[in-house]
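What follows is a set of notes on a single structure, which appears directly below.
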Protein chains: 2
Amino acid sequence: MSGTNRRRITSKELAKLAGVSSATISRAFSPDSRIGSATRDRILAVAREYGYQPNAIARSLNNQRSRLVALVVNAIGNPCEAEEQQLLVHRLQARQLLPILLCCADHSDRLQLMRLASTYQVDHVVIFSDMVSMQDAVDIFHTTRPIIVSFEPLENEDVSNIRIDGALGAGEIIDKIVGDGKKRFAYLSGTKSSWIDKLRRKWFADALARHGLSFEAEAFGDYSYDSGFKEAVLLLHRSKVDAIICGNDVMAIGARDAARRVLGKNTPEDIAIVGQDGIAMAAWDCNDLTTLSLDHVAFMDAVVEVIERHEAGDEGPHSITLACTPRWGSTA
Amino acid sequence: MSGTNRRRITSKELAKLAGVSSATISRAFSPDSRIGSATRDRILAVAREYGYQPNAIARSLNNQRSRLVALVVNAIGNPCEAEEQQLLVHRLQARQLLPILLCCADHSDRLQLMRLASTYQVDHVVIFSDMVSMQDAVDIFHTTRPIIVSFEPLENEDVSNIRIDGALGAGEIIDKIVGDGKKRFAYLSGTKSSWIDKLRRKWFADALARHGLSFEAEAFGDYSYDSGFKEAVLLLHRSKVDAIICGNDVMAIGARDAARRVLGKNTPEDIAIVGQDGIAMAAWDCNDLTTLSLDHVAFMDAVVEVIERHEAGDEGPHSITLACTPRWGSTA
DNA sequence: TAGTGTTGTGCAAACGATTACACAAACGCA
DNA sequence: TGCGTTTGTGTAATCGTTTGCACAACACTA
């Protein structure tokens, strides 16, 4: 049991040791199957002694269920995704499902990566990344119904989705800032290409429109602190805005630091700064960010609920909508 | 090709369609195997047409290599681990290895989780978590030689390891702080049980000893901002320390906020605060933390190097040591 | 032209489990 | 006692690949 035995013992070998057939070994490890309880106990004892565990690969081949889940994400380093992934991974583990992580950073070949994962016959696929197209996901994982995290109703009826809607929350935030006397807004995007980012921007743009306002300036970062900092400096040098809505919290913190350090502007008096995501860090004393926040726990609960329905055989497609709500901090 | 076909086509079926045997299909997908290039091209064309990809589960069963890697971590939410994992996942993906994430947060049954992963016949195991004992890891993954990230030379000769040594760097930091006139030090631990934390503490304690000093106070958090904040408040209320060494950067930021907000003490004049890890956030303008920093890129390069040696058949065990160096910020 | 490689392909046996089917033993009941 | 049911176990097929072996076709060489 202790020490390294290079080879793992197989059910057939264990069968010989326990004086039964390999079928009986298998039954000893399946909770509800016809087997004498004395036999099962004996087998489990012998199995423990020799460190036997059924080979999940062989089992998957036979069952046609791998109990693997592909998680397609942009980046782990991004705190927002990290928080969500943490929650999701725990929920999966509790259900004896193992997550395979696919990280779609810019340089990697996302499609090839997804194809590779799909050859492992994953039982479920959760797409968090807005860098892969829905159609690609459906094509590549054509045996599982993917679960897509989206920000608008989907026209494709082959995917289940979790939809996130921040229109109302964005409205509340804009109302407050306009009420405080700010008039000149800028939007600092997370990426140029992301359709998620475009939608988030639209929530705020629509809210501004109701006040007869619109974004006077735009900038594009990459969701990182550094890009938030740099773009905010450029933005504030070239236009006289008094409010910046940022694509995520991390960029908002960067923008806040830039305003304070480079231009000597304080929040919320001189300039209002708003984030999006509602990561834990936003609530830290040194940040205390006003942000359009998503309840990550509810979010991941929703994902797991859809997974469970799929597991139960009800492939839907299912759709769940979650609303974002403001977190009021001292930056706006 | 587009649209959802529930069932995946098998090599035998494709063989029929292409007018060859399934063995030939297999050979078409193995880079160097005896097969006519005309046949291969034809098969690949037909395969593309029907969306065929060899089943990795079946292949793994036959090959005895799954190309799966188990990553045993404490938590993804922790920025330090997230940064490292991000780097590692990319490197694995580039080598067509897929990571399975095992998250050892407090409540989950770590051993059962590792046993589950081991049934998937993972080719490699990387243990980042100090919540699992080395012996458990070796026992459970007895067919692969685990790679352990450790902070001291290991006596167990069955594991490869990456050893992290911060003794020198800690010395530099302590020298500087003592040189600045500070005399009363506290250590704010990440956890009570972690042996990693104990070793990190020792680096600083040894350095203090060379100045004839020692830690006057201790506190225990859980590596989170909130715990850093809370414990620092308690610590500063019950003792008159003028320097706090923290178990990680996030706690250091919490402690800094607590000192500033609750007690009105500024760094580095009133109190010196030091972190450990060297996460990206430490360098943000709003933090500018002095911290004992590890080069995460070099760290993950080392992990991958060991994996590659194992893949090449040289199971070592291998050991690589990395040193931590100070990052000088404005908090100490 | 016969002899020797070399190439390309198919057959069939693994890989390590699960499970439908068959069958013997044990049991319940009239 | 005899029949029907339940219980426990074994046999063998199956899941979808890979690969050693055999063999035919072809290309060289002498």
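Since the model is a prediction, treat every value here as computed from it, not as a measurement.
- Distances shown here put every side-chain N or O of Q121(A) at or beyond 4.0 Å from the OP1 or OP2 atom of dG16(D).
- Side-chain N/O atoms of S11(A) include none lying less than 4.0 angstrom from OP1 or OP2 on dT18(C).
- Residue I25(A) forms a side chain to side chain contact (heavy atoms under 4.5 Å, CB included) with just one option from V20(A), L44(A), T10(A), L17(A), and that option is V20(A).
- Considering only side-chain N and O atoms, T24(A) lies nowhere under 4.0 angstrom from the phosphate OP1 or OP2 of dG8(D).
- The CD1-P distance, from I25(B) to dG8(C), rounds to 16 Å in whole Å.
- The CZ atom of R40(B) sits 13 Å away from the C1' atom of dT7(C) (whole-angstrom rounding).
- Side-chain N/O atoms of Y120(B) include none lying less than 4.0 angstrom from OP1 or OP2 on dG16(C).
- Neither side chain, H296(B) nor Q86(B), offers a donor N or O lying under 3.5 Å from an acceptor on the other.
- Note: NZ (K12(B)) to P (dT19(D)) measures 17 Å, nearest angstrom.
- Y52(A) comes within contact range of the sugar-phosphate backbone alone, with a heavy-atom separation under 4.0 Å but no base atom that close.
- Distance, I43(B) CD1 to dG8(C) P: 13 Å, rounded to whole Å.
- With hydrogens and angles ignored, a donor-acceptor pair closer than 3.5 Å exists between the side chain of R27(B) and the base of dG10(C).
- In the set dA17(C), dT19(D), dT9(C), dT19(D) carries the atom at the smallest distance from any side-chain atom of N62(B).
- Separating the CG atom in L294(B) from the SG atom in C80(B) is a distance of 7.5 Å, to the nearest 0.5 Å.
- The interatomic distance linking I35(A) (CD1) with dT9(D) (C1') rounds to 9 Å, in whole Å.
- None of T321(A), L322(A), I320(A) except one satisfies the side chain to side chain contact (heavy atoms under 4.5 Å, CB included) rule with R163(A); the exception is T321(A).
- Between S22(B) and dT18(D) there is no side-chain N or O to OP1 or OP2 distance below 4.0 Å.
- In this structure, the nucleotide among dA12(C), dT7(C), dG16(D) sitting nearest to the side chain of A23(B) is dA12(C).
- Atom NZ in K16(A) sits about 14 Å away from atom P in dA17(C), given to the nearest Å.
- Between the CZ atom of R34(B) and the C1' atom of dG20(D) there is a distance of 11 Å, rounded to whole Å.
- The CD1 atom of I57(A) sits 14 Å away from the P atom of dT17(D) (whole-angstrom rounding).
- Under 4.0 angstrom from either OP1 or OP2 of dG16(C) there lies no side-chain N or O belonging to T10(A).
- In the set dT18(D), dC15(C), dG8(D), dG8(D) carries the atom at the smallest distance from any side-chain atom of T39(A).
- At a threshold of 4.0 Å, the pair E308(A)-R95(A) counts as salt-bridged, since one of the basic side-chain nitrogens sits closer than that to a carboxylate oxygen.
- In terms of phosphate contacts, R59(B) brings a side-chain nitrogen or oxygen within less than 4.0 Å of OP1 or OP2 of dT18(D).
- Using a 3.5 Å distance cut-off with no hydrogens or angles, the side chains of Q93(A) and Q112(B) do not pair a donor with an acceptor.
- For N63(A), taking side-chain heavy atoms from C-beta onward, the closest of the listed nucleotides dC15(D), dT19(C), dT19(D) is dT19(C).
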